[in-house]
Amino acid sequence: MINLRNVRKFYGALEVIKGVDITVEDGEFAVFVGPSGCGKSTLLRMIAGLEGIDEGDLILNGKRINDVPPDKRGIAMVFQSYALYPHMTVAENIGFSLSLKKVPVAEIKRQVGDVAEILQLTDYLDRRPAALSGGQRQRVAIGRAIIKKPSLILFDEPLSNLDSALRVQMRAELQRLHRELKATVVYVTHDQVEAMTMADRIVVLNKGTVAQAGHPMDLYHSPDNEFVATFIGSPKMNILPVTLSRPDAGKLRLENADGLAISLADGGANVAVGEAKLGIRPEHLKVSLGGQGDFSAEVVIVERLGVETYLAVGSPKDPIVVRAEGDLSIRPGDRVSLTVDLSACHLFDSNGLVIRRPQTL
Amino acid sequence: MINLRNVRKFYGALEVIKGVDITVEDGEFAVFVGPSGCGKSTLLRMIAGLEGIDEGDLILNGKRINDVPPDKRGIAMVFQSYALYPHMTVAENIGFSLSLKKVPVAEIKRQVGDVAEILQLTDYLDRRPAALSGGQRQRVAIGRAIIKKPSLILFDEPLSNLDSALRVQMRAELQRLHRELKATVVYVTHDQVEAMTMADRIVVLNKGTVAQAGHPMDLYHSPDNEFVATFIGSPKMNILPVTLSRPDAGKLRLENADGLAISLADGGANVAVGEAKLGIRPEHLKVSLGGQGDFSAEVVIVERLGVETYLAVGSPKDPIVVRAEGDLSIRPGDRVSLTVDLSACHLFDSNGLVIRRPQTL
Amino acid sequence: MTDFALDKPGKSRRPDLLAYATLSLISAFCAVPFFWVLLASLDGNAQLFLSWPREWTLNNYVRVFAEEDGARWVFNSLFVVGSATLLVMVLAGLGGYALSRTRAWWKQPFLYAILLIRVLPPTALVVPLYKILLTLNNIEGNLVRIFVGGDTARAIMRWIGFIDGYLGLILVLATMQLPLALWIMKTFFDGLPRDYEEAAVMDGATMLQRIRRVLIPLALPGLAAAGLFAFISAWGDFLLPLILLSSPELQTLPLGLFRAFLRVNTIDYGFLAALAFIYLMPAVIAFGFARRFLVQTFSGGVKG
Amino acid sequence: ETIRIANHGQAGINAMKSTVARIEKKYGITVEVVEYPSPDKDYMTKLLTELGAGNAPDIFSAPTTAYVADMVAAGYLAPITAEFKAWDGYANFYDVAKQLAVSPDGETYVMPFMLGIQEIYFRRDVLDKAGISTEQPKDWADLLARAAEIKEKTGAYGLLFPAGVSWGTGAFDEGFQHLLVGSKTPQLATEDGKLDLTGEGVKDVFGVYKELIDKDLMPTQPLLGPEPWVIPKYQMFPEGRLAATTCGSWCYIFDWGRESKNPIPDVEKAVGTWTIPGQTGGQYVLANLAAPWGVNSKAENLELAKKVLMEIGSVETQVSYAAQIGNIPASKAAAQDPEFQKLTELLPIHAAAENGVYLKQAAGFATVAEGVARATEALLRKETDAAGAQAILVDYAREILGEEAVK
Amino acid sequence: MVRSTYEKRVARQLLLILSPSLLLLLAFVIYPAVYSVYLSFTNEALTGAAALNPRFVGLRNYSRLLHDAKFWNSLLVTFFFVVGSAIIGQFVLGLISAILLRRNLAFKQLFSSIILLPNAAPEVVAGFMWISMLAGGENATLSRIVMFFGMTPTDWLQTFPLTMIIVVNTWRGIATAMILLTAGLSTIPSEVYEAARMDGANPSQIFRRITLPLMMPTILLYMLISAVSTIAVFGLVYALTRGGPGGATEVISIYIYNQSFTAFQLGYGAAVAVVALAISLVLGIAYVRAMKVQL
Ligand SMILES: Nc1ncnc2c1ncn2[C@@H]1O[C@H](COP(=O)(O)OP(=O)(O)OP(=O)(O)O)[C@@H](O)[C@H]1O
Ligand SMILES: Nc1ncnc2c1ncn2[C@@H]1O[C@H](COP(=O)(O)OP(=O)(O)OP(=O)(O)O)[C@@H](O)[C@H]1O
Ligand SMILES: [Mg+2]
Ligand SMILES: [Mg+2]
């Protein structure tokens with residue numbers, strides 16, 4: 001188990017990690033996501049020991065390891081660029097850490113063999129990294145990590161150099177490995193699809209703080225704030241500025257400039273009236289060409305993918321995105337009616353904090 | 001209108017473009033897709049005039065332009081890396097081609113202003129490229145292209161350097177521009193989502209030849225061959241090796257090792273029996289936990305994205321991918337039944353050429 | 001100016017002709033001076049001036065080795081310059097790495113310093129340099145003499161002495177090449193991702209292990225380039241060996257050349273040219289070997 | 001015990017071989033010969049650096065007398081007056097040699113075992129053929145007239161005096177001072193050890209150069225190149241394109257004689273010699289110390305080093321040097337040496353050394369030599385006249401030696 | 001700024017591995033240089049009375065320097081030498097070679113090998129070769145070439161001494177210039193050239209408006225490095241002309257040598273070296289500042 005307690009990091013005067021608390025349980029696959037520059041790599045490198053921790057505690061299995069040198073922490077790391085040693089064969093790359101410890105050659109060979117078996121690299125042991133495909137290289141990088149039998153493996157955007165097809169395949173492979181090795185994994189990415197599909201626990205970071213942490217589906221279904229709501233889910237959640245009013249006691253009214261007007265039962269919660277934001281995921285808007293809906297808008301862009309169709313409706317500069325199943329033959333310029341699936345909406349206050357989900361209001 | 005007639009290109013003895021015929025109509029948005037190394041860039045650069053044409057004709061608006069130098073072809077090009085001149089401001093970058101023609105400074109300024117207006121770059125005209133974001137840089141690159149009022153604009157993977165969020169946004173922007181400028185566009189990418197969402201016409205290239213050309217939905221629904229079938233659509237189409245037999249006249253039987261067994265009416269077409277391949281897109285497999293189906297398989301991976309769930313079933317090494325709507329709570333190890341949507345399947349012979357779609361058999 | 005490595009449609013060959021003509025001129029400029037050495041060294045009756053040998057002979061070369069201590073000079077030169085080069089590569093490899101990775105305050109001043117040190121003409125340093133070397137040599141000599149006596153001590157000092165010993169010359173030659181080599185290596189390491197080192201750190205490698213097992217193999221092109229420049233420059237140096245060496249056993253090629261200068265009253269150009277040619281070869285060969293590393297190394301950009 | 005000897009130039013090393021063996025045997029010591037680079041400048045660079053640092057060999061030579069006084073002033077040389085005078089070879093030395101070895105302070109610091117004696121060598125055959133007198137010229141004017149006549153009648157250059165910077169100390173040693181001793185102000189060193197370079201004689205000597213150069217009697221182009229002696233002496237003179245030149249006693253042997261690469265057939269007949277006439281008459285045979293040897297004042301075993309030096313002064317060594325280099329032994333006794341008698345070309349010159357004159361030495365002569373080289377270089381380049389050349393010399397000496405050292 | 005123990009250890013280790021280089025430079029370059037500064041305040045000489053009893057003479061060497069026309073001459077000669085060979089000669093020929101050799105020409109390897117050759121020639125050998133090229137009037141190789149084209153030969157080292165050493169040093173340095181500039185050129189993506197061609201730029205416009213400005217950082221740094229190394233060139237000039245004729249090629253390093261080893265005036269020679277170093281330092285720093293050269 002790894003604990004970060006109120007961890008901070010400064011670059012000069014710039015605070016890049018601003019008091020972060022994170023816990024990752026044994027065997028968990030934890031993913032740190034967040035936009036570029038939010039401090040994911042920094043956090044990971046602090047855990048690895050490659051960056052010093054300026055404040056707070058880093059606790060691995062109950063022991064504070066702030067000042068333990070990287071190689072003594074029992075942590076392995078897989079780099080974004082893989083950082084395979086180009087002058088060593090696959091076997092040498094994997095066995096490098098053992099050879100540093102002067103483990104006998106035969107023993108290294110055996111262990112490398114075992115690891116290669118797991119990673120299906122047995123046929124490539126004598127090759128140099130330059131002669132491997134992207135996916136194979138990554139497996140070597142992982143092999144180099146797991147041969148140390150670490151209690152924790154860190155990954156820093158390990159898939160971002162791969163093309164999308166390979167990325168999908170490697171995602172599956174990583175999950176398989178995680179299951180087989182039963183190792184704790186901390187995985188950094190800025191790709192939310194990766195996060196969603198792989199994580200037992202997602203930690204969403206924003207500007208050096210934790211925006212929300214939890215199970216992927218919790219984040220998807222119950223984001224704590226607008227940041228997480230828009231960050232998780234693709235295409236991202238539409239955020240509509242709305243005005244909240246309470247025309248009658250026990251009733252809440254939700255309106256916007258485009259003619260959207262929804263009444264809700266006010267379940268007694270003390271919701272402040274005034275400016276607010278309504279979050280609706282593209283998949284929670286039903287579209288119809290002629291029929292009735294909560295509001296209507298003009299289609300500006302149609303993206304037909306065959307299996308589904310994305311529509312951008314409303315103003316061209318800041319459109320609302322709608323996702324529809326199947327291959328619709330709507331064209332730009334058409335006017336469509338949209339129905340909001342109220343049960344799946346989110347309401348945020350002007351600071352972006354969730355108010356409570358409308359269906360429970 | 002641009003025509004390529006039996007165009008060939010050799011690098012030394014290596015033939016990289018093997019007799020390609022392509023037509024792009026005026027005002028069309030044509031996308032060349034294909035895997036890496038298939039010759040997309042080469043083709044584009046031949047059109048631009050940056051590479052010589054070894055054989056065949058290149059015809060622009062009825063005129064053979066094989067030997068016209070690049071700047072005289074009236075074609076503009078946007079490069080993958082944008083290739084902005086780092087030592088010039090945005091205004092200088094955009095106006096460079098005019099300044100080479102000794103257009104008066106005031107006139108350059110006016111035209112650059114107009115272009116910047118269209119591209120929303122007016123505020124950045126005095127910056128150097130290094131001080132721009134990825135999206136802005138791209139707009140500058142486009143500005144540099146359109147100021148020449150070209151009859152044809154070429155794009156070589158213009159989005160591949162951007163992160164995925166920006167990519168989505170720029171896609172929309174490019175389409176908007178295309179509509180506004182009414183220019184003919186040839187756009188190269190290896191990303192099929194880009195191709196699908198932007199193209200009026202897709203040209204799928206494979207190893208220096210045209211695998212298929214047509215409207216995106218045609219390619220999606222009626223691929224000519226296995227290559228196009230698997231290349232278009234994401235996640236890609238599952239290809240199952242099957243054995244075709246004709247147990248009774250007028251009947252075709254389709255079987256595989258996993259217990260799949262489907263009978264089809266043989267619509268009189270002369271389908272050869274024996275080995276064949278059945279192509280089923282992930283979205284055309286219906287999954288159920290207990291119920292009956294065409295065949296059943298064990299789930300190896302579950303990817304839950306909230307709005308949809310991907311399952312990998314069957315052998316871990318070469319699984320069949322299934323796409324299911326919504327958030328299923330199936331776990332790895334579960335056994336599921338799968339039903340094939342026959343009407344959306346494709347049958348390929350052992351050379352990968354489409355046999356005819358099963359529903360029409 | 002001409003065109004840029006682009007395949008041009010409409011294949012005009014004229015710019016190519018111009019390019020060949022220009023390159024041929026430059027090459028001729030570069031190559032012509034070498035003809036004299038080559039021809040004169042094979043000429044039984046060589047003069048200072050270029051002439052087609054009337055009698056071709058290898059005799060000049062034979063004499064370098066038979067009549068003179070040519071083999072010894074070659075060995076000494078190779079040994080001294082080779083060791084200095086090796087030392088430069090080691091030190092510059094380590095130092096360049098430190099310079100590239102450090103964030104300490106002394107980084108910039110140090111870089112300026114090693115750049116400007118190169119302004120100092122060696123002639124201005126020779127006398128003080130000689131004095132400090134002599135001091136070191138005397139201290140060392142006394143130490144050695146405590147343990148071993150007379151002739152043994154002298155034999156030892158021939159190897160490790162600072163004056164009239166291999167060590168001193170090696171160290172000084174190496175030092176003179178260090179600034180440029182440090183610069184090259186620093187630039188090279190700047191272009192080498194830190195990921196490799198960090199991966200090695202995670203693998204438990206100490207700083208030395210990291211350098212020896214990961215960085216040096218990765219830095220080989222840079223080291224080759226730095227070593228090449230050091231070798232060629234040290235190889236061509238004659239002032240330092242001239243001042244520092246006396247014993248005949250230690251003489252190097254340039255000194256042999258100086259010695260051959262006035263054999264009797266006349267200058268024996270054939271002999272001189274043969275010696276010059278022998279002197280020339282190792283540097284040329286070194287260039288041949290390391291050439292491909294050069295551009296690779298400097299392509300990281302000459303900037304830091 | 002070991003004595004270290006600095007030597008340079010293959011000929012010099014060969015000449016010392018038997019001496020070294022003899023010394024080793026006689027004193028039961030090891031003599032280590034350290035070979036220094038040949039060009040004089042490089043030799044001095046190294047030797048002086050070592051002397052300055054106190055690390056030089058025990059015994060070494062100065063490439064020319066001009067360096068000696070300065071080395072004495074710097075305290076590099078050990079005085080050998082007593083040992084030299086007590087040595088049994090002393091008595092046989094020519095007076096001029098003994099006097100040349102005496103430094104301004106009255107002590108002797110170097111072993112004056114070889115003399116360099118220069119004369120004008122001329123192509124008798126060429127002159128005879130052209131009907132030009134081969135008589136000894138009476139004075140400078142006669143000499144110059146003869147040169148002009150040669151030029152006029154044969155088209156060959158009439159006379160060469162070494163000049164220019166690239167000839168090194170030769171411009172002074174092999175030309176300038178030979179004329180100077182016959183001029184109106186025949187000495188440079190004053191009584192108080194200062195240098196007097198402003199004398200009329202100095203200007204007049206430059207005047208001779210000036211005239212030779214201006215009238216194109218002397219080849220100037222080769223002198224401005226590297227190794228300036230090569231073309232005039234080894235090519236033009238044998239070919240007859242240069243009819244007269246100063247040269248040392250070695251010329252009959254090495255430059256054009258039996259040891260030469262480009263010999264003149266029957267050289268002793270074809271080439272005659274004149275002594276250098278005085279400005280207004282007289283004949284001057286200026287003797288010079290050729291590469292005199294001295295003892296390092298910091299030598300570990302001074303006594304031994306001095307003994308070794310005396311060995312170098314022996315007749316045997318002198319003759320060996322004469323045979324190898326063509327200089328003249330300073331000992332009269334050499335005339336009786338059978339080996340020396342074989343060197344027939346040198347015998348008359350050796351005899352003539354009896355009448356040798358010399359230039360009194362003073363500190364700063366090395367500077368004067370360089371100054372003369374620079375001044376004659378300017379003349380070669382036709383940039384100045386005689387007075388200007390003298391000014392160059394005076395300025396250079398002042399600049400280097402300081403106002404106080406130059407009168 | 002807080003720093004972890006690990007980071008501190010790394011910083012210490014880095015200093016440690018730099019220290020051997022530092023030590024050597026201190027002992028064999030910096031210390032002699034400082035000692036030279038000390039010498040410049042004395043009348044230390046290699047021979048003569050001053051060698052026996054060197055005296056402290058204060059600023060006398062420096063005041064003498066001010067009135068020493070030869071010193072100013074040598075500064076001027078050095079300036080022309082550096083500008084002529086490093087800034088113009090090597091640079092122009094190096095740039096032309098670098099640009100031409102980027103093209104796919106036959107014999108590319110051969111050309112580049114030949115151009116690299118002079119750099120491999122030791123100074124002494126280079127000296128011999130060029131003496132044979134230049135000295136000896138009509139016999140010189142260059143004279144013969146010139147005569148072949150019907151022009152009148154001359155004694156090159158006498159008639160154009162400074163030009164000739166500039167030519168020779170140019171010859172020697174083309175290789176370095178070519179290597180550095182090739183490297184600089186290779187950092188310019190070919191797409192930029194292609195974009196310029198699409199924009200209609202002709203080759204000379206591409207060179208002036210794209211290549212040259214983009215190469216500027218490389219060029220500026222190259223010029224700094226090559227100027228600095230050219231100031232210290234000694235052996236080549238020494239072998240060719242020893243500073244002559246009449247001081248026409250007496251560059252600063254030769255002048256220092258002549259003062260120290262021909263006139264044997266160590267103190268004065270040191271003063272010259274100190275002033276030369278100071279001038280280079282000031283010019284160097286001014287250049288770095290003005291041109292914003294990235295070290
Ligand atoms: N060495 C450094 N000095 C100063 N600031 C730094 C340094 N390294 C990182 N930063 C800053 O710290 C912040 C966090 O950087 P970090 O690399 O952790 O981001 P990230 O989340 O990994 O981003 P990405 O997804 O782009 O990799 C950034 O704003 C970055 O600019
Ligand atoms: N200059 C060249 N010399 C030899 N072969 C080349 C050259 N340029 C390209 N090729 C080869 O031509 C083929 C087509 O290259 P091209 O760049 O057109 O591919 P692409 O489809 O653009 O690939 P990518 O998606 O990776 O950009 C490749 O196999 C490539 O290796
Ligand atoms: Mg990161
Ligand atoms: Mg491409």
Side-chain angles (χ1 to χ4, degrees), chain C residues 44-49 67-69 73 123 125-138 141 150-151 153-154 158 161-164 168 238-252 254-272, chain D residues 1-2 4-15 30 32-57 60 63 168 222 225-227 229-231 233-235 247-248 250-251 253-257 259-262 324-326:
Chain C
N45 186 24
Q47 293 300 311
L48 175 58
F49 308 112
E67 286 177 21
E68 300 289 339
D69 233 354
W73 298 342
T123 45
L125 299 180
V126 158
V127 169
L129 185 61
Y130 191 87
K131 288 191 174 165
I132 185 176
L133 285 168
L134 185 63
T135 313
L136 290 173
N137 194 59
N138 289 343
D151 282 352
R154 288 196 60 188
R158 191 136 292 163
F162 284 93
I163 296 280
D164 204 19
F238 72 94
L239 192 64
L240 289 170
L242 170 72
I243 300 291
L244 296 185
L245 296 183
S246 297
S247 307
E249 305 92 287
L250 299 182
Q251 297 306 310
T252 60
L255 299 185
L257 211 59
F258 263 74
R259 211 141 278 142
F261 206 96
L262 287 170
R263 303 302 306 166
V264 194
N265 277 324
T266 61
I267 297 175
D268 186 343
Y269 284 107
F271 180 82
L272 206 64
Chain D
E1 196 124 28
T2 306
R4 289 172 68 218
I5 295 186
N7 206 342
H8 73 299
Q10 196 55 45
I13 293 169
N14 291 345
T30 316
E32 189 188 334
V33 179
V34 184
E35 192 186 347
Y36 279 56
S38 288
D40 286 349
K41 255 190 178 163
D42 302 300
Y43 171 75
M44 284 308 282
T45 300
K46 183 169 169 65
L47 182 67
L48 287 177
T49 307
E50 292 182 353
L51 280 169
N55 190 42
F60 48 82
E227 293 94 43
W229 50 87
V230 173
I231 292 176
K233 280 201 173 168
Y234 305 142
Q235 291 178 13
C247 205
W250 55 84
C251 286
I253 304 173
F254 295 98
D255 292 21
W256 314 303
E259 299 281 326
S260 168
K261 278 185 103 180
N262 194 10
Q324 289 286 340
I325 298 176

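Throughout, a chain's letter reflects where its sequence line sits, starting with A, and its residues are numbered from 1. The analysis underlying the following values was restricted to heavy atoms, covering all of them including side chains, and did not include hydrogens, waters or symmetry mates.
Within the model, atoms CZ of C:F238 and CG of D:D42 stand 6.5 Å from one another, a figure rounded to the nearest 0.5 Å. Atom CG of C:D164 and atom CG of D:N55 lie 8.5 Å apart (nearest 0.5 Å).
Every residue two or more places apart in sequence or in another chain that forms a side chain to side chain donor-acceptor pair (under 3.5 Å) with D:K46 is listed here: C:S246, D:E50. For D:T49, there are no side chain to side chain donor-acceptor pair (under 3.5 Å) partners at least two apart in sequence or on another chain.
Heavy-atom distances place no part of D:Y43 under 4.5 Å from chain C, backbone and side chain included. For C:L245, the part lying near chain D is the backbone, with the side chain staying farther off; criterion is any non-hydrogen pair under 4.5 Å. Looking at C:I243, the atoms closer than 4.5 Å to chain D (heavy atoms on both sides) sit in the backbone and in the side chain alike.
Contact count versus chain D (heavy atoms, under 4.5 Å) is highest, among C:N138, C:L244, C:L134, C:I163, for C:L134. Annotation: maximal heavy-atom pairing with chain D below 4.5 Å, among C:L239, C:T135, C:L242, C:V127, occurs at C:L242.
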